[in-house]
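Below you'll find the structure, written out as structure tokens, and then a few comments.
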Amino acid sequence: MGRGHAEESSQGLAQHGIVVGVDGSDQSTCALLWAAREAERRKAPLYVVTAYTVPVFAASSMDAGYATVDDEVIRESAQTVLNDAVTHLEGIAVDVHPRIETGDAAGVLLDLSEEAELMVVGSRGRGGFVGRLLGSVSSALPAHAKCPTAVIPVCTGARLGHPELGRKPGKDKPPAAVEPVVVVGVDGSEQARMASLAAAEEARSRGLPLRVICSVAPFNGSLAWVPAPVDREALHADLAVQLAAGRDWLKSHYPDVDIRVDLMDGPPAEVLIEASATSELLVVGTRGRGGFAGMLMGSTSQGVLHHARGPVLVVPDRPDPRLEDRSSFGPMIAPAR
């Protein structure tokens with residue numbers, strides 16, 4: 001394992017690689033371990049980043065104005081977090097670049113996402129001066145990052161050979177057996193098609209099959225916006241045709257990937273959370289269409305990110321010329337209005 005020194009803030013990445021945010025919590029340690037193995041698999045450099053701000057507080061004396069905490073004290077704490085993080089990477093063949101950044105953690109990671117190949121964070125963090133990389137950041141970063149973001153829940157520790165991370169004795173259930181498959185959630189939107197392309201690439205690079213899931217939420221009396229009685233059989237038949245066309249389109253770009261599509265009943269977030277427990281990787285887009293089959297960002301994917309039981313890759317919305325030939329393979333859901 002190659003180790004770099006703690007680099008100064010406001011520098012760009014020496015080369016495109018994987019950036020992981022750490023704050024000393026079990027959650028960030030899980031994210032670090034997953035990111036290191038991903039960097040090893042991709043043969044990419046790994047940037048281990050912690051960030052801090054110097055808080056300002058009102059002085060006790062009425063005429064003292066405001067004072068700041070000594071920058072060196074907080075920086076030493078950040079350095080300790082970084083040093084401890086690097087010790088977890090022994091035995092992993094990856095080029096490591098530790099970094100201490102000053103500034104708001106969300107802003108720091110968003111800036112780094114301009115040049116990164118992949119951002120990685122845990123699903124929650126510790127709070128406090130140094131612990132600003134997780135928690136709210138793991139909600140904000142995937143929606144605004146310029147590159148894909150992997151959100152790693154602490155329960156992933158068992159998959160990584162560290163079941164003690166985040167463990168609550170007597171309360172945790174044994175982890176589910178992981179199926180070697182990449183799963184992507186789709187809803188007919190262009191963002192979902194971007195996610196499915198990214199998922200197919202992940203499946204190809206890992207030598208795994210791809211499972212494409214579309215979930216139809218149950219209709220009940222609370223859905224007053226439904227304009228007319230819904231014929232579920234007709235809806236399923238229509239979606240099945242569109243999913244088959246989508247599969248053919250994906251196969252045209254990834255002919256060597258084994259792709260299957262599943263049309264499922266149930267709340268989309270619950271279906272995807274359940275799938276995350278047993279899949280190698282779950283992929284979602286940054287926004288979706290809403291409505292009957294809508295299932296990507298917004299409340300659904302926020303729920304997935306907060307409750308997933310395995311790694312989740314969030315794919316940003318960006319142009320891709322491969323989207324232009326989708327309509328030639330069959331029917332598509334009409335654009336949302």
Side-chain angles (χ1 to χ4, degrees), residues 142 179 181-203 208-220 223 225-226 230-254 257-305 307-310 312-315 317 320 322-323 325-337:
E179 180 184 358
V181 64
V182 173
V183 173
V184 61
V186 300
D187 65 358
S189 65
E190 187 164 291
Q191 291 79 16
R193 287 188 280 276
M194 266 302 311
S196 65
L197 286 169
E201 176 59 31
E202 293 293 331
L208 299 178
L210 174 64
R211 181 187 180 200
V212 180
I213 294 179
C214 181
S215 177
V216 181
F219 303 140
N220 55 46
L223 299 182
W225 50 266
V226 176
V230 176
D231 184 338
R232 270 190 98 72
E233 289 188 5
L235 175 63
H236 275 238
D238 184 43
L239 289 175
V241 171
Q242 295 175 50
L243 284 172
R247 178 186 178 281
D248 291 342
W249 169 69
L250 272 181
K251 286 291 288 186
S252 74
H253 292 288
Y254 291 93
V257 176
D258 178 17
I259 303 172
R260 85 171 194 258
V261 296
D262 286 331
L263 180 57
M264 305 181 68
D265 281 312
E270 292 183 13
V271 169
L272 293 182
I273 290 168
E274 187 68 22
S276 74
T278 56
S279 58
E280 188 81 18
L281 182 69
L282 171 66
V283 182
V284 295
T286 51
R287 294 197 303 273
R289 67 187 301 107
F292 296 158
M295 62 183 306
L296 295 185
M297 210 58 182
S299 60
T300 294
S301 61
Q302 285 294 326
V304 171
L305 291 180
H307 300 287
R309 290 182 276 164
V312 180
L313 182 68
V314 183
V315 180
D317 181 18
D320 190 312
R322 294 175 296 178
L323 298 174
D325 64 359
R326 166 61 183 88
S327 59
S328 64
F329 284 84
M332 297 169 61
I333 295 176
R337 297 178 179 178

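Numbering of residues begins at 1 and proceeds along the displayed sequence. Just so we're clear, the structure is a prediction, and the values are computed from it rather than from any experiment.
Contact record, Gly330 with Ala245: CA-CB, 3.8 Å, taken as the closest heavy-atom pair. Here the closest heavy-atom approach between residue Ala195 and residue Val283 is recorded as O-CG1, 3.6 Å. In terms of heavy atoms, Ala192 sits closest to Gly185 at CB-O, 4.4 Å. When all heavy atoms are compared, the tightest approach of Val186 to Ser196 is CG1-CB, 4.3 Å. The minimum heavy-atom distance linking Ala199 with Val184 is given by the pair CB-CB, 3.6 Å. Taking each heavy atom of Leu282 and Ser276 in turn, the nearest pair found is CD2-CB, 4.0 Å.
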Intermediate values then yes/no, side-chain contact (heavy atoms from CB on, under 4.5 Å), Val183 and Leu281: CA-CA 6 Å; Val183 173; Leu281 182 69; over 6 Å; no

side-chain contact (heavy atoms from CB on, under 4.5 Å) between Asp320 and Met194, worked out: CA-CA 8 Å; Asp320 190 312; Met194 266 302 311; 3.4 Å; yes

Leu313/Glu202 under side-chain contact (heavy atoms from CB on, under 4.5 Å): CA gap, chis, key distance, verdict: CA-CA 10 Å; Leu313 182 68; Glu202 293 293 331; 3.9 Å; yes

Check against side-chain contact (heavy atoms from CB on, under 4.5 Å), Leu197 and Arg322: CA-CA 9 Å; Leu197 286 169; Arg322 294 175 296 178; 3.9 Å; yes

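Atom CZ of Arg326 is separated from atom CZ of Arg193 by 6.0 Å, given to the nearest 0.5 angstrom. Put simply, CG on Leu243 and NE2 on His236 are 10.5 Å apart, with the number rounded to the nearest 0.5 Å. The CG atom of Leu323 sits 5.0 Å away from atom CD of Glu190, with the distance rounded to the nearest 0.5 Å. In this structure, OG on Ser279 lies 9.5 Å from CG on Leu272, to the nearest 0.5 angstrom. Atom CD of Glu179 sits about 6.0 Å away from atom OG1 of Thr278, to the nearest 0.5 Å.
A search for side chain to side chain donor-acceptor pair (under 3.5 Å) contacts involving Arg309 returns Glu274, not counting sequence neighbours. For His253, the ring-ring contact (aromatic ring centres under 6.0 Å, His included) partners at least two apart in sequence or on another chain are Trp249. Listed by chain and residue number, Ala203, Arg204, Leu210, Tyr254, Ile259 satisfy the side chain to side chain contact (heavy atoms under 4.5 Å, CB included) test with Val257 (two or more places apart in sequence, or in another chain).
The shortest distance between side-chain heavy atoms of Val212 and Leu250 falls below 4.5 Å. With a 4.5 Å cut-off on side-chain heavy atoms, Leu208 and Glu280 count as touching. For the pair Leu305 and Pro142, the minimum side-chain heavy-atom distance is below 4.5 Å. You'll find the side chain of Val216 stays beyond 4.5 Å of the side chain of Met264, heavy atoms only.
Salt bridge status for Asp262 with Arg260: present, with a side-chain N to carboxylate O gap under 4.0 Å.
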